[in-house]
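Let me begin by presenting the structure, written as structure tokens, before commenting on it.
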There are 2 protein chains.
Amino acid sequence: MPDGGIEEGSQRLPIDTTLSVIDGRWKGTILWRLSDGPMRTAELRRSIPGITERMLIRHLHELVDAGILVRHDAGTVPPCVHYSISEYGQTLGPVLQSLCDWGRKHMEHRPSQAS
Amino acid sequence: MPDGGIEEGSQRLPIDTTLSVIDGRWKGTILWRLSDGPMRTAELRRSIPGITERMLIRHLHELVDAGILVRHDAGTVPPCVHYSISEYGQTLGPVLQSLCDWGRKHMEHRPSQAS
DNA sequence: CCGTATCCTCTACGATACTG
DNA sequence: CAGTATCGTAGAGGATACGG
């Protein structure tokens with residue numbers, strides 16, 4: 001077994017911890033878009049077809065709470081809010097890249113399940 | 001942006017494809033347990049505290065449908081069924097390892113969110 | 001950002017068929 | 001009766017969509 005297991009019978013594996021952070025209908029997409037650089041809320045929404053504003057905001061806040069994203073509020077009127085990946089969130093980069101690489105191979109391997 | 005993006009406005013990113021495969025309350029744990037080697041159904045259930053037989057079977061079959069696992073049925077009575085990671089499923093190994101590594105760091109970094 | 005409606009995931013409980 | 005693998009169904013609860 002690859003290293004990383006913990007004692008027998010434990011309740012929560014490290015792998016589940018990570019999944020709980022990036023879990024959510026749109027979190028993968030959000031993180032991917034932001035890996036380009038900071039984006040404004042409306043800009044993000046337009047770049048993710050199908051997402052509702054409600055879900056975008058909710059997921060954004062959850063990722064901020066997890067320490068992955070940072071919210072920059074210019075405090076101006078009209079409001080100008082940017083979200084960017086935090087320094088800590090950068091450590092997720094290799095994980096996301098790994099997920100993406102496998103996903104592309106999977107789409108080629110089983111086009112029917114590209115979902 | 002790290003490579004792997006597809007055209008603007010696309011519906012499904014590679015990263016979401018991967019997440020859709022390993023998504024599910026217990027799939028991470030199941031894959032992790034099986035990375036040790038083949039296991040019987042009841043053996044798996046005992047190794048995952050809290051899972052119900054129903055969910056185990058359901059997730060197991062979903063992973064088989066995705067091509068990640070293989071089901072070996074001895075065809076005997078009483079039934080003896082083993083599940084193992086398919087050759088194709090092995091390609092997920094590095095991804096799972098990456099998820100696990102980050103999860104361990106995250107649990108140290110933010111114990112309150114170890115979930 | 002909220003209230004409401006809907007959908008879907010997971011859980012709980014039970015049932016099946018057969019053997020030791 | 002206990003154990004093995006699987007399925008059916010119903011219900012609670014959470015996730016998501018829609019409209020204001």
Side-chain angles (χ1 to χ4, degrees), chain A residues 11-13 15-31 33 39-66 68-69 71-83 113 115, chain B residues 11-13 15-34 37-66 68-86 113 115:
Chain A
Q11 298 287 347
R12 208 65 179 179
L13 263 29
I15 196 175
D16 293 311
T17 302
T18 307
L19 285 176
S20 72
V21 170
I22 58 182
D23 221 37
R25 176 71 180 77
W26 306 96
K27 278 187 194 158
T29 308
I30 292 173
L31 289 170
R33 291 288 181 218
M39 287 178 93
R40 295 188 57 175
T41 312
E43 193 182 2
L44 258 173
R45 176 172 44 72
R46 269 182 261 118
S47 79
I48 306 176
I51 197 174
T52 56
E53 204 124 19
R54 191 191 199 12
M55 277 301 102
L56 178 61
I57 297 290
R58 184 174 295 182
H59 283 160
L60 246 17
H61 289 349
E62 281 173 16
L63 289 168
V64 168
D65 288 346
I68 309 298
L69 299 185
R71 195 184 109 111
H72 310 271
D73 189 339
T76 57
V77 174
C80 177
V81 178
H82 284 83
Y83 287 90
Q113 295 185 9
S115 176
Chain B
Q11 299 287 344
R12 208 65 178 176
L13 263 29
I15 196 175
D16 294 311
T17 302
T18 307
L19 286 175
S20 73
V21 169
I22 58 181
D23 220 40
R25 177 72 179 78
W26 306 96
K27 279 187 194 159
T29 309
I30 291 174
L31 289 170
W32 195 257
R33 291 288 182 217
L34 283 175
M39 287 179 93
R40 294 189 59 175
T41 312
E43 194 181 359
L44 258 173
R45 176 174 42 75
R46 277 189 294 265
S47 79
I48 305 176
I51 197 174
T52 56
E53 207 124 24
R54 192 84 180 89
M55 276 301 100
L56 178 62
I57 296 293
R58 188 176 292 180
H59 283 159
L60 245 16
H61 289 179
E62 281 173 16
L63 289 168
V64 169
D65 289 344
I68 309 299
L69 299 186
V70 181
R71 194 185 109 111
H72 310 271
D73 188 339
T76 57
V77 173
C80 177
V81 178
H82 284 83
Y83 288 88
S84 64
I85 299 190
S86 70
Q113 295 184 10
S115 173

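Naming: A, B, ... by sequence-line order, numbering from 1 per chain.
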Using heavy-atom distances to pick each residue's nearest nucleotide on DNA chain D, tell me which of B/Val81 and A/His59 is more 5'.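 Nearest-nucleotide comparison on DNA chain D picks B/Val81.
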5' precedence on DNA chain D between B/Arg40 and B/His61 (nearest-nucleotide basis):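 Going by which nucleotide is closer to the 5' end, it is B/Arg40.
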Would you write out the dot-bracket form of DNA chain C, 5' to 3', with Watson-Crick and G-U pairs under 3.5 Å, [ ] for crossing pairs, | for pairs to other strands and . for unpaired bases? ||||||||||||||||||||
List the atom of [X], the atom of [Y], and the distance in Å for their closest heavy-atom pair.
X	Y	answer
B/Pro49	B/Ser47	CD-O, 3.4 Å
A/Thr29	B/Asp16	OG1-OD2, 2.5 Å
A/Ile51	A/Trp26	CD1-CG, 3.6 Å
A/Ala66	A/Val21	CB-CG1, 4.4 Å
A/Leu69	A/Leu31	CD2-CD2, 4.1 Å

For a 4.5 angstrom cut-off between non-hydrogen side-chain atoms, does B/Arg33 reach B/Met39?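 Yes, their side chains come closer than 4.5 Å.
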Give the nucleotide from the list D/dA5, D/dA17, C/dT19 with an atom nearest to the side chain of B/Ile57. D/dA5
Nearest-Å distance, [atom1] ([X]) to [atom2] ([N])?
X	N	atom1	atom2	value
B/Arg25	D/dA15	CZ	C1'	15 Å
B/Asp73	D/dC7	CG	P	11 Å
A/Asp23	D/dG14	CG	P	15 Å
B/Met55	C/dT9	CE	P	10 Å
B/Arg45	C/dT11	CZ	C1'	15 Å
B/Trp26	C/dC10	CH2	C1'	10 Å
A/Leu60	C/dC1	CG	P	10 Å
B/Leu56	C/dA12	CG	P	14 Å

What residues, two or more places apart in sequence or in another chain, satisfy salt bridge (Lys or Arg N to Asp or Glu O under 4.0 Å) together with A/Glu62?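 Checked A/Glu62 against salt bridge (Lys or Arg N to Asp or Glu O under 4.0 Å); matches are A/Lys27.
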Can you tell me whether the side chain of B/Arg54 and the base of C/dT9 have a donor-acceptor pair closer than 3.5 Å?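 Looking at the base of C/dT9, it does not pair with any donor or acceptor on the side chain of B/Arg54 (distance under 3.5 Å).
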Phosphate contact (D/dT4 OP1 or OP2) by B/Arg46 side-chain N/O below 4.0 Å: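 Yes, within the criterion.
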Please confirm whether the shortest side-chain N or O distance from A/Thr52 to OP1 or OP2 of D/dA17 is below 4.0 Å. yes
Check every strand shown and say whether B/Glu53 touches a base, only sugar-phosphate, or nothing at a heavy-atom separation below 4.0 Å.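 Base contact.
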